[in-house]
A.B. asks: 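This is the structure I want to talk about, given as structure tokens.
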Amino acid sequence: MADAEGRAVARMVGRMLRAGRERLTLRQLRADHDALLRKLGKETRELMAAGEISHPGLKSAISRIEALEERIALAEREAREAGAPTDDSP
């Protein structure tokens, strides 16, 4: 009986370890994917600024990003003036 219970526990622990590894792999794949998208976005923005590429949709998106950056800068200034930390940037 003890051997059967031990094997059952070992199987359960094995499944839990495998599930943990799979979650870790998935988390890393998603992080890599997000990093590549950020890099692509930055490169696209630089190419647009240099006039090397042009697209109305990209221009619109970049304008929205710039507006958000202005709002972020203002909110950070106001937070600093209020004594609040602003270190939670990406």
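Count residues from 1 along the sequence. Here the structure is a predicted model, which is why all the values come from computation and not from measurement.
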A.B. asks: Say whether I62 and L47 are linked into one hydrophobic cluster, either directly or through other cluster members, by side-chain heavy-atom distances under 4.5 angstrom.
C.D. replies: yes

A.B. asks: Can you find a pair of side-chain heavy atoms, one from R30 and one from L26, that are under 4.5 Å apart?
C.D. replies: yes

A.B. asks: Do the side chains of E46 and K42 get close enough for a salt bridge, i.e. N-O under 4.0 angstrom?
C.D. replies: no

A.B. asks: Please list, chain by chain and in numerical order, all residues satisfying side chain to side chain donor-acceptor pair (under 3.5 Å) with R45, sequence neighbours excluded.
C.D. replies: E69

A.B. asks: About how many Å separate OG of S63 and CG of L68, when rounded to the nearest 0.5 Å?
C.D. replies: 11.0 Å

A.B. asks: Quick check for you: to the nearest 0.5 Å, what is the distance between L36 atom CG and H33 atom NE2?
C.D. replies: 8.0 Å

A.B. asks: As an exercise, state the distance from CD of E78 to CZ of R80, rounded to the nearest 0.5 Å.
C.D. replies: 10.5 Å

A.B. asks: Pair up each side-chain donor or acceptor in residues 6-25 with any protein partner under 3.5 Å, not counting sequence neighbours, and list the distances.
C.D. replies:
from: T25; atom 1: OG1; to: R21; atom 2: O; distance (Å): 3.0

A.B. asks: If only atom types and distance count, is the side chain of T44 paired as donor or acceptor with the main-chain N or O of L40 below 3.5 Å?
C.D. replies: yes

